[in-house]
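Quick note: numbers below take in every heavy atom, side chains included, and nothing from hydrogens, waters or symmetry partners.
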Amino acid sequence: MRIKTFTAIAAAMLLFTTCREGEKASTDFYSSALFRDVQLKAVFPDSKTFVDCTPKRPLAEIVDDYDDAKDQPDFDLQAFVRQNFDMPVRPKSTFATDTTLAMEEHLTRLWPVLTRKADDKDPRSSLIPLPNDYVVPGGRFSEVYYWDSYFTILGLKAQKRYDLIQSMVKNFAYLIDTIGFIPNGNRNYYLTRSQPPFFSLIVKELEEYDSLAADHYLDAMVKEYRFWMAGIDSVKDPGDAAQHVVMMPNGTVMNRYYDKGDTPRPESYKEDHALAQQYQGDQTKLYRDLRSAAESGWDFSSRWFRDGRSLITIHTTDIIPVDLNSLLAHLEKMIAKGYTLRGNAAEAARYNKAADLRRRAILTFCWDPAKEYFYDYDFVAGNRTEVRSLAGMFPLFFQIGQKDIAEKAALVIERDFLKQGGLVTTLTDTDQQWDAPNGWAPLQWITYRALKNYQLDGLANEIRRRWLRQNTRVYEATGKMMEKYNVMDTTLIAGGGEYPNQDGFGWTNGVAIAFKHETRYNLSPR
């Protein structure tokens with residue numbers, strides 16, 4: 001987004017300064033004895049609650065007072081927290097579900113409940129203010145989330161809500177312009193990582209309304225690309241890795257998830273700390289791998305486990321994810337399109353070449369001709385991982401691979417992943433939420449559209465039918481749309497993970513509406 005007015009420039013500089021100052025202050029606070037004690041003593045059942053609280057006075061003063069008082073025999077930690085912090089504010093709503101309404105009508109009525117107005121700046125809060133309205137997922141997630149928003153936008157687009165889509169695109173461009181990337185969510189404790197880079201896809205969805213969107217948001221796409229490619233000049237030999245980039249055996253550069261932090265996640269502090277107590281190796285590596293899995297959006301999944309079963313074996317930063325690299329190939333193509341629209345043929349050719357090299361690398365390192373499916377690649381071990389997951393359908397979502405590859409992958413999907421309630425995420429039950437028996441709306445959509453790209457309509461439509469049937473069954477029974485679903489035993493609610501199943505729910509709503517409308521999307525940037 002090109003900021004043109006002095007007022008907008010001043011606002012952008014203020015946000016940049018505020019975020020940098022907020023990042024330092026919050027980092028100091030998150031390493032304090034007060035923060036550690038509140039989280040480890042489980043003052044709140046959910047670790048995220050405390051990081052969303054608002055201090056009533058400067059954090060440094062509160063921390064100093066805690067250090068002075070905590071060893072007193074009558075000290076009450078819960079009372080201290082209540083005296084010094086305001087609890088997270090959840091917008092009040094009089095919304096009541098009417099299950100006599102059809103599911104889509106209910107979802108249409110739910111948009112205002114999940115929409116947040118442009119934020120007022122509050123330097124005490126962990127919330128990073130956004131200048132335009134946005135849709136949150138729901139439940140405990142009261143801020144915008146990066147990759148969630150793409151799937152939410154699918155539903156908004158099906159209902160022609162381009163006003164809200166434009167607001168959300170502008171917010172993301174604003175974050176890129178001022179922070180340098182799109183954080184996991186608009187909270188200061190997410191400033192060490194991003195999420196799967198769907199911005200170019202969001203821009204693509206906007207093209208139906210704004211045919212020059214790739215030009216209008218080119219600068220933001222280029223800046224996001226630089227974030228993901230930072231460190232590329234320092235990887236010289238196969239196996240070299242720096243931040244998100246890795247040099248592959250054939251000299252191609254591919255990407256991994258990489259959080260720059262190496263301490264427990266503030267929003268999941270007690271969970272990360274507890275795992276570290278069982279860990280025999282380098283705890284900073286463990287923390288970075290946990291954080292990097294959170295950047296992937298798949299927190300957590302057997303995809304990231306060395307033994308394919310146990311969280312303690314997590315090694316996310318050793319893995320070249322097939323979904324991330326497919327997304328970045330699309331970003332490269334969309335940047336090329338933007339430069340073409342601006343008449344810069346040389347830059348367009350450079351990014352098209354980068355995309356073509358990456359697409360070939362995905363086929364080389366991630367496609368397994370013997371197992372006839374796409375896998376993540378462990379660049380440290382020098383081989384593909386053993387975990388089969390729906391991430392393997394991302395290349396086909398972007399039409400990477402010929403139809404014979406798609407047909408082979410479709411057989412795997414139908415034989416192994418298709419269950420009564422839709423598609424299961426992986427084939428292993430680990431008690432992690434991104435594994436069996438759970439199904440997630442974004443992965444139903446990715447797989448559905450991947451199959452549609454190759455005219456494999458029968459299986460695609462069966463996935464859509466089973467998923468919508470499960471959505472409808474749960475809605476009619478509970479009045480709610482869930483974050484995830486048990487697709488193997490449709491009489492049960494999904495489980496696993498670090499927090500209870502959440503209702504709302506932005507991306508489930510968006511995919512359900514898009515499925516209802518059966519909109520055909522042309523994802524090719526050309």
Side-chain angles (χ1 to χ4, degrees), residues 147 151 195-196 256-257 289-290 292-316 318-327 362 366-368 370-378 381 383-397 408-448 450-451 459 463 466-467 470 482-490 492-498 501 507-508 511:
W147 80 306
F151 300 95
Q195 264 196 333
R256 63 178 176 172
Y257 290 113
D289 284 325
L290 291 168
S292 300
E295 182 173 64
S296 80
W298 291 53
D299 45 338
F300 293 104
S301 168
S302 55
R303 283 181 73 188
W304 316 124
F305 304 163
R306 185 174 282 105
D307 68 358
R309 302 199 67 87
S310 307
L311 182 59
I312 198 72
T313 68
I314 191 168
H315 66 137
T316 317
D318 297 343
I319 292 172
I320 302 297
V322 64
D323 48 356
L324 172 60
N325 284 278
S326 299
L327 286 160
I362 290 168
C366 298
W367 174 252
D368 189 320
K371 297 179 181 177
E372 300 184 331
Y373 199 70
F374 285 99
Y375 292 79
D376 299 318
Y377 186 86
D378 183 337
N383 52 41
R384 298 180 194 93
T385 69
E386 295 294 323
V387 177
R388 196 176 300 172
S389 78
L390 289 182
M393 293 302 287
F394 271 74
L396 302 178
F397 181 77
K408 291 171 182 176
L411 292 174
V412 172
I413 290 294
E414 186 168 21
R415 182 189 69 221
D416 297 336
F417 287 89
L418 185 61
K419 308 299 179 184
Q420 185 177 356
L423 297 174
V424 70
T425 306
T426 72
L427 306 181
T428 306
D429 185 348
T430 62
D431 290 330
Q432 299 298 333
Q433 62 177 352
W434 288 88
D435 281 318
N438 292 343
W440 295 77
L443 302 179
Q444 314 299 312
W445 180 261
I446 292 293
T447 306
Y448 169 83
L451 295 168
L459 178 57
I463 292 166
R466 293 190 190 192
W467 180 254
Q470 177 70 342
M482 298 296 181
E483 179 188 21
K484 56 187 179 285
Y485 294 81
N486 186 324
V487 297
M488 298 179 72
D489 184 343
T490 57
L492 299 177
I493 299 296
E498 298 175 331
N501 198 15
W507 64 15
T508 306
V511 169

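A donor-acceptor pair under 3.5 Å is formed between the side chain of Thr508 and the backbone N or O of Met482. Put simply, the side chain of Gln432 never gets that close to the backbone of Ser310: no donor and acceptor are under 3.5 Å apart. For the pair Ser302 (side chain) and Thr428 (backbone), a donor-acceptor distance under 3.5 Å is absent. Proximity of a side-chain donor or acceptor of Asp429 to a complementary backbone N or O of Asp431 within less than 3.5 Å is detected. Between the side chain of Gln444 and the backbone N or O of Leu423 there is at least one donor-acceptor pair closer than 3.5 Å. Put simply, the side chain of Trp304 never gets that close to the backbone of Leu290: no donor and acceptor are under 3.5 Å apart.
Of all heavy-atom pairs spanning Gln433 and Asp299, the tightest one is NE2-O, 2.8 Å. The two atoms that bring Tyr485 and Trp467 nearest to each other are CD1-CH2, 3.4 Å, heavy atoms only. A pairwise comparison of heavy atoms in Leu396 and Ala409 identifies CD1-CB, 3.8 Å as the closest pair. Shown here for Phe417 and Thr426, the closest heavy-atom pair between the two residues is CE2-CA, 4.2 Å. The heavy-atom pair separating Asn325 from Pro321 by the smallest distance is ND2-O, 2.9 Å.
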side-chain contact (heavy atoms from CB on, under 4.5 Å) between Ser326 and Ile362: does it pass, once the steps are laid out? CA-CA 8 Å; Ser326 299; Ile362 290 168; 3.8 Å; yes
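Residues passing the salt bridge (Lys or Arg N to Asp or Glu O under 4.0 Å) test with Lys371 are Glu386, sequence neighbours excluded. With sequence neighbours excluded, the residues forming a salt bridge (Lys or Arg N to Asp or Glu O under 4.0 Å) with Asp376 are Arg303, listed by chain and number.
The closest side-chain heavy-atom distance from Leu443 to Phe394 is below 4.5 Å.
In this structure, Ser292 OG and Asp318 CG are separated by 10.0 Å, a value rounded to the nearest 0.5 Å. Taken to the nearest 0.5 Å, the CZ atom of Arg384 stands 10.0 Å off from the CZ atom of Phe374.
Taking the six-membered ring for Trp and thresholds of 30 and 60 degrees, Phe151 and Trp507 have ring planes more than 60 degrees apart, a perpendicular arrangement.
Under 4.0 Å is where a charged nitrogen must lie from a carboxylate oxygen, and between Arg388 and Asp416 at least one such pair does.
Applying side chain to side chain contact (heavy atoms under 4.5 Å, CB included) to Tyr257 and the options Asp323, Ile319, Ile320 leaves one that passes, Asp323.
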